[in-house]
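Heads up, the thing below is written out as structure tokens.
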Amino acid sequence: VNEMGQIVRGSAGVTCTRNAAGIYNVVFPQDVSQFLWLATLGAPDDTPQPAGEVTTQGGMGGAKTIVQVRTFTAGAAADRNFHLSVRRIS
């Protein structure tokens, strides 16, 4: 996902919305509430990225199809490129 919230690479049916600086809702076409969500900062190509932080949180508003990703630079919310991997826990 790029810093504007656009899906650059991903699975069919996945969408993303940038809600505010550094806050993105990634929406999946199925329930992902019991899956593992792993996010890392990084560009869709090999462009170096500055250090920062990223967090994930599921179930925004009770929705089981949404994972909220928040990105930071030096502790402050900031628009950042990120990768999000969602995996079924067996």
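Computed over heavy atoms, backbone and side chain alike; hydrogens, waters and symmetry mates excluded. No experiment lies behind these values; they were computed from the predicted model shown.
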Quiz item: Quick one: side-chain contact (heavy atoms from CB on, under 4.5 Å) partners of Ala21, sequence neighbours excluded?
Solution: Arg18, Asp79
Quiz item: What pairs with Thr47 under side-chain contact (heavy atoms from CB on, under 4.5 Å), at least two apart in sequence or on another chain?
Solution: Ala43, Asp45, Gln49
Self-check item: ILVMFWY cluster membership beyond Phe72 - transitive side-chain contacts under 4.5 angstrom
Solution: none
Practice problem: Taking all non-hydrogen atoms of both residues into account, name the closest pair between Tyr24 and Cys16 and its distance. | Solution: CB-SG, 3.9 Å
Quiz item: Would you find a donor on one side and an acceptor on the other, under 3.5 Å apart, between the side chain of Thr56 and the backbone of Ala39?
Solution: no
Quiz item: Where do Gly13 and Pro29 come nearest, in terms of heavy atoms and distance?
Solution: O-CD, 3.7 Å
Quiz item: Applying the 4.5 Å side-chain criterion to the ILVMFWY set and letting contacts propagate, would Val1 and Leu41 be lumped into a single cluster?
Solution: yes
Quiz item: Which distance, rounded to the nearest 0.5 Å, do you find between the CH2 of Trp37 and the CD of Gln57?
Solution: 8.0 Å
Exercise. Would you please name every residue forming a side-chain contact (heavy atoms from CB on, under 4.5 Å) with Gln30, sequence neighbours left out?
Key: Val32, Phe35, Arg88
Quiz item: Does any non-hydrogen side-chain atom of Phe82 lie less than 4.5 Å from one of Val26?
Solution: yes
Practice problem: Considering non-hydrogen atoms only, spot the tightest contact between Pro44 and Val8 and give its length. | Solution: CB-CG1, 3.4 Å
Practice problem: Of all the heavy-atom pairs spanning Asp31 and Thr65, show the shortest one and how long it is. | Solution: N-CG2, 4.0 Å
Self-check item: Thr55: partners by side-chain hydrogen bond (donor to acceptor under 3.5 Å, both in side chains), with sequence neighbours left out
Solution: none
Exercise. Decide yes or no on side-chain contact (heavy atoms from CB on, under 4.5 Å) for Leu84 and Val69, but give the supporting numbers first.
Key: CA-CA 8 Å; Leu84 177 63; Val69 177; 4.1 Å; yes
Practice problem: Given side-chain contact (heavy atoms from CB on, under 4.5 Å), test Thr17 with Val27 step by step and report yes or no. | Solution: CA-CA 8 Å; Thr17 303; Val27 181; 5.7 Å; no
Practice problem: Please list, chain by chain and in numerical order, all residues satisfying side-chain contact (heavy atoms from CB on, under 4.5 Å) with Ile23, sequence neighbours excluded. | Solution: Asn19, Ala20, Gln68, Arg70
Exercise. State, to 0.1 Å, how close Glu3 and Asn81 come at their nearest heavy-atom pair, and which atoms those are.
Key: N-OD1, 2.9 Å
Self-check item: Nearest non-hydrogen partners of Thr73 and Ala51, listed with the distance
Solution: CG2-O, 4.2 Å
Quiz prompt | Criterion side-chain contact (heavy atoms from CB on, under 4.5 Å) on Thr15 and Ile7, from CA distance to verdict | solution = CA-CA 7 Å; Thr15 61; Ile7 301 284; 5.6 Å; no
Quiz item: Distance from His83 atom NE2 to Thr40 atom OG1, nearest 0.5 Å?
Solution: 5.0 Å
